[in-house]
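For reference, the structure discussed in these notes is given below.
Order of the sequence lines sets the chain letters (A, B, ...), proteins ahead of strands, with each chain counted from 1.
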There are 2 protein chains.
Amino acid sequence: MTADTDTLDDLFDAHDLPGLERWVADHPPHEVADELARADGVRAVLLFRLLDKDRALTVFEELDPPDQHKVLSELRGEAFQDVVEEMDPDDRARLLGEAPAKFARQVLAGLSPRKRSMTAALLGYPDGSVGRYMSPETVALRQRRTAGEALEVVRERGADAETVYTLPVTDDQRRFVGVVSLRDVVLSDPQRPVTELLKEDYPVVEATDQAEDAARLMQEANVLALPVVDSENRVLGLLTIDDALEVIEAADTEDIARQAAAAPWSGHYMSASVVQLARSRVVWLLLLIVAATFTVNVLQFFEDSLTAVTALALFIPLLTGAGGNAGSQAATATVRALAVGEVRTRDLFRVAWRESRVGLLLGAALGAVGLLIGSLLVDVPVATTVALSLIVICSWAATVGATMPLLAKRLGIDPAVISAPLVTTLVDATGLLIYFLIAHAVLGV
Amino acid sequence: MTADTDTLDDLFDAHDLPGLERWVADHPPHEVADELARADGVRAVLLFRLLDKDRALTVFEELDPPDQHKVLSELRGEAFQDVVEEMDPDDRARLLGEAPAKFARQVLAGLSPRKRSMTAALLGYPDGSVGRYMSPETVALRQRRTAGEALEVVRERGADAETVYTLPVTDDQRRFVGVVSLRDVVLSDPQRPVTELLKEDYPVVEATDQAEDAARLMQEANVLALPVVDSENRVLGLLTIDDALEVIEAADTEDIARQAAAAPWSGHYMSASVVQLARSRVVWLLLLIVAATFTVNVLQFFEDSLTAVTALALFIPLLTGAGGNAGSQAATATVRALAVGEVRTRDLFRVAWRESRVGLLLGAALGAVGLLIGSLLVDVPVATTVALSLIVICSWAATVGATMPLLAKRLGIDPAVISAPLVTTLVDATGLLIYFLIAHAVLGV
């Protein structure tokens with residue numbers, strides 16, 4: 001594959017159009033999409049226009065909204081209309097939700113009236129809600145149908161639907177009563193009423209619910225599509241598994257970025273500019289360096305001890321490092337456990353009690369190593385100070401690291417904001433305090 | 001929901017069996033599974049036995065292998081046989097692959113001969129390979145069929161299959177030629193030959209391929225099931241999207257744990273013991289503290305400078321903290337970009353060049369703040385040293401942090417092993433070297 005894409009750069013450099021056309025025809029849509037996302041606007045559109053119409057649409061659907069915008073904003077006239085007209089309504093709503101207003105108006109103006117109203121309806125839901133990701137084009141069944149009739153309904157109306165494998169069933173007031181699967185419809189006797197195939201305790205969400213919660217629910221409940229209803233329980237559409245996967249991947253990428261104290265960037269890493277990357281990281285770094293000023297204050301307070309025993313300064317990075325690592329481990333574990341639903345806020349005290357003991361065990365192991373390193377490099381009294389500090393700092397760091405995400409969630413703050421660097425910075429200052437208090441007790445400085 | 005589960009604890013404490021029975025009947029399977037995973041073995045089995053048979057199996061399928069093992073090892077006789085006999089072959093193989101050998105033999109002995117051989121076959125594939133996750137029970141079609149005949153085949157043989165929505169198609173030598181979807185089979189004219197509905201460039205994997213790669217491929221290519229073939233292109237089964245989701249969730253949890261320098265723990269966070277948690281974290285902490293000994297060496301080397309200007313010591317945690325944060329941000333960004341396929345190893349130099357400039361921008365911003373903090377708390381010469389150090393350290397840290405995961409991957413090491421703490425520890429020692437060299441140049445110490 002490496003050889004292939006080196007060739008792609010070569011083909012561009014040589015302006016070899018027939019070669020490029022062969023390249024896009026020979027590669028699967030998701031690989032072409034990846035190259036489009038990595039390329040600049042001009043090259044991306046050149047590649048895009050070399051695709052035949054059906055493949056172009058498939059490739060376009062694989063792109064993230066910022067990259068879709070990159071391609072579309074270089075397209076003109078008919079090519080532009082063709083693409084926006086053929087997109088799924090939920091994909092179109094998401095693209096327009098993220099694009100500049102002028103561009104969004106231009107796209108909406110080019111649509112047929114039916115598609116325009118469908119897209120506008122989806123755009124009415126808040127950013128990040130299920131409504132932005134659901135497919136409004138579904139095949140719903142009335143509950144009085146038989147399996148055989150249901151199969152006929154699918155045949156008549158299934159062509160436009162995003163999926164026909166999950167069929168919502170409604171009562172006479174068009175209210176949602178459950179779903180049947182196409183599998184059960186196909187496998188059962190055609191005379192059997194749909195109500196006998198009904199899955200009644202099937203999960204369901206409202207269009208205004210958070211898309212991430214809905215996607216995680218689908219993953220937990222192992223379903224391919226989730227019915228979406230309004231506040232009066234009428235079926236609005238389906239959230240399909242491919243859209244749910246996108247939501248989960250984006251949420252995980254966001255959590256991972258936050259864990260490293262960076263603002264999430266929704267586009268492709270290689271298409272982000274240097275300034276965009278710096279902007280996504282700078283705010284947290286500045287906040288953290290201001291917070292780190294406390295470490296300077298703590299050390300200033302103990303400056304006399306430092307002057308008396310300069311050797312104490314030698315272990316500062318080792319101690320803050322160990323405390324930061326123990327705290328990051330605990331914070332990362334609880335942020336993830338919260339995200340996948342294994343821990344809840346009411347577990348706060350159980351988690352704090354567990355992690356303080358985990359930290360104590362870890363501190364004991366590190367303390368032994370610290371005693372050895374300190375004795376070899378300096379002397380036994382300083383080594384003892386370092387070892388005792390490691391035990392207390394690790395236990396403290398693990399407890400703080402694990403409970404901060406839970407406290408944040410109780411206060412309504414996204415727990416992923418409690419990043420490893422934030423925990424590290426807070427543990428640094430308190431860790432130094434612990435170190436110099438222990439030094440005072442052991443060394444009398 | 002909080003009220004519900006508080007009640008569950010109350011019900012246990014009151015030994016209220018009818019109440020517990022109502023509780024399990026009233027909650028959806030994935031919520032019951034979550035409570036089973038959180039409970040100890042005795043309570044878990046008590047809850048489990050209160051479920052009716054169909055729901056018990058659904059709940060059991062939602063559990064991770066370590067929790068399945070917890071439940072099964074408390075079950076006896078017929079109840080035990082019922083559960084293992086009804087599991088999907090791929091789930092059973094995965095459970096046995098992780099369970100103690102004695103337990104695995106006991107399970108295999110209790111199976112019918114057909115199921116035993118199917119499970120043993122899956123167990124023959126290496127841990128983490130597609131073979132361990134695929135469903136061998138699929139409906140494959142011969143390519144000479146019509147759509148109408150295909151629907152009949154699904155009706156006859158679909159009941160045992162894990163999915164019937166993706167149907168692999170084979171030639172007369174039983175070799176894989178492509179897939180048709182049940183949707184196309186249902187929607188098309190019954191007389192139409194299956195070959196006209198065939199998706200020929202559909203992705204396909206071998207059973208020995210890595211399950212994570214296959215799962216990410218499914219996500220990129222937006223498919224519900226991926227055909228699995230042997231080295232001679234004969235169909236062995238299908239990897240379904242629900243199994244792929246599990247693989248991705250586990251891989252992401254593993255990457256996240258590694259990013260915090262902890263060994264991944266595959267079970268439920270709340271069911272892990274204190275010793276298990278400590279064990280998963282201790283090895284990395286020990287390695288990192290040994291690596292941190294370099295920081296002690298660097299400081300010892302510059303001990304005269306420290307004695308001459310004690311104020312230099314005050315900024316050590318601030319500088320190592322800032323460098324560590326900038327390095328972690330860059331490392332986390334490239335590890336994630338590698339995992340989702342946005343960056344490849346051949347991008348090494350482009351990434352290094354980008355990140356060094358990102359780091360320079362960030363360093364400039366932090367340097368300005370450092371100049372201010374240093375001037376206010378100490379004096380201008382030390383503040384200048386701190387500011388210049390921040391610029392160089394940030395640029396260096398971002399470059400090292402971003403390129404280390406790519407270098408690791410080139411060397412065949414899992415890039416997620418290049419954790420934020422590892423980057424931080426390495427940047428700590430080199431950052432101190434930069435700091436004291438700049439202090440030497442600026443302050444003449």
Side-chain angles (χ1 to χ4, degrees), chain A residues 2 30 158 164-165 183 187 219-222 241-242 245 252-253 256 260 262 268-270 274 277-278 281-282 285 288-289 292-293 295-296 299-300 306-307 310 313-314 316-318 320-322 325 328-329 332 336-337 342-343 346 354 357-358 361-362 365-366 369 373 377 420-421 425 428, chain B residues 2 30 158 164-165 183 187 219-222 241-242 245 252-253 256 260 262 268-270 274 277-278 281-282 285 288-289 292-293 295-296 299-300 306-307 310 313-314 316-318 320-322 325 328-329 332 336-337 342-343 346 354 357-358 361-362 365-366 369 373 377 420-421 425 428:
Chain A
T2 308
H30 68 272
V164 293
Y165 296 144
R183 177 192 181 128
L187 292 185
Q219 187 167 14
E220 279 187 37
N222 274 344
I241 189 76
D242 53 323
L245 274 173
D252 281 350
T253 300
I256 289 171
H268 194 288
Y269 173 80
M270 292 305 284
V274 167
L277 287 178
R281 300 179 192 170
V282 74
L285 280 187
L288 290 171
I289 202 169
T293 309
T295 62
V296 184
L299 290 176
Q300 263 185 328
L306 268 178
T307 319
T310 323
L314 306 183
I316 290 176
L318 183 141
T320 54
N325 292 341
S328 309
Q329 288 182 333
T332 307
R336 180 64 179 172
E342 292 181 353
V343 165
R346 69 184 166 88
R354 287 157 61 93
R357 287 176 295 156
V358 173
L361 285 179
L362 296 172
L366 294 189
V369 177
I373 296 174
L377 296 180
T425 306
D428 276 0
Chain B
T2 309
H30 68 273
V164 293
Y165 297 143
R183 177 193 181 126
L187 292 184
Q219 187 167 15
E220 279 188 36
N222 274 343
I241 189 77
D242 53 324
L245 275 173
D252 281 350
T253 300
I256 289 170
H268 194 288
Y269 173 80
M270 292 304 285
V274 168
L277 287 179
R281 300 178 190 170
V282 73
L285 280 187
L288 291 171
I289 203 169
T293 309
T295 62
V296 184
L299 291 176
Q300 265 186 326
L306 267 177
T307 317
T310 323
L314 306 182
I316 289 176
L318 183 139
T320 55
N325 292 340
S328 308
Q329 288 182 333
T332 308
R336 179 64 178 170
E342 291 181 356
V343 164
R346 68 184 167 86
R354 286 159 62 95
R357 285 176 297 156
V358 173
L361 285 178
L362 296 172
L366 294 189
V369 177
I373 296 174
L377 296 181
T425 306
D428 277 0

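Between chain A and the options L306(B), L288(B), L285(B), T307(B), heavy-atom pairs under 4.5 Å are most frequent for L285(B). Ranked by heavy-atom pairs under 4.5 Å with chain B, the list Q300(A), R336(A), R357(A), Q219(A) is led by R336(A). The candidate from T310(B), T425(B), L362(B), I241(B) with the greatest count of non-hydrogen atom pairs under 4.5 Å with chain A is L362(B). Chain B forms more heavy-atom pairs under 4.5 Å with one residue of G321(A), A278(A), A322(A) than with any other, namely A278(A). Note on V343(B), T293(B), V274(B): by heavy-atom pairs under 4.5 Å with chain A, the leading option is V274(B). Heavy-atom pairs under 4.5 Å with chain B peak, among L245(A), T332(A), D242(A), L361(A), at L245(A). Comparing P317(A), S328(A), A365(A), A262(A) by heavy-atom pairs within less than 4.5 Å of chain B, the highest count is held by P317(A).
Every residue two or more places apart in sequence or in another chain that forms a side chain to side chain contact (heavy atoms under 4.5 Å, CB included) with D428(A) is listed here: T295(A), T320(A), T424(A).
Judged by distance alone, with hydrogens and angles left aside, the side-chain atoms of R183(B) form a donor-acceptor pair with the main-chain N or O of G158(A) at under 3.5 Å.
For R354(A), the parts lying under 4.5 angstrom from a heavy atom of chain B are both the backbone and the side chain. For I256(B), the parts sitting under 4.5 Å from any heavy atom of chain A are the backbone and the side chain alike. Proximity to chain B (any heavy atom under 4.5 Å) is shown, for L377(A), by both the backbone and the side chain. The contact between V369(B) and chain A is made entirely by side chain atoms (from C-beta outward), counting heavy-atom distances below 4.5 Å. Heavy-atom distances place the side chain of I373(A), and not its backbone, under 4.5 Å from chain B. Contacts between I289(B) and chain A at a heavy-atom distance below 4.5 Å involve backbone atoms as well as side-chain atoms.
With rounding to the nearest 0.5 angstrom, the CG atom of N325(A) is 12.0 Å from the CZ atom of R281(B). Rounded to the nearest 0.5 angstrom, H268(A) NE2 and E342(B) CD are separated by 4.5 Å. Taking CD1 of I316(A) as the start and CG of L314(A) as the end, the distance is 8.5 Å to the nearest 0.5 Å.
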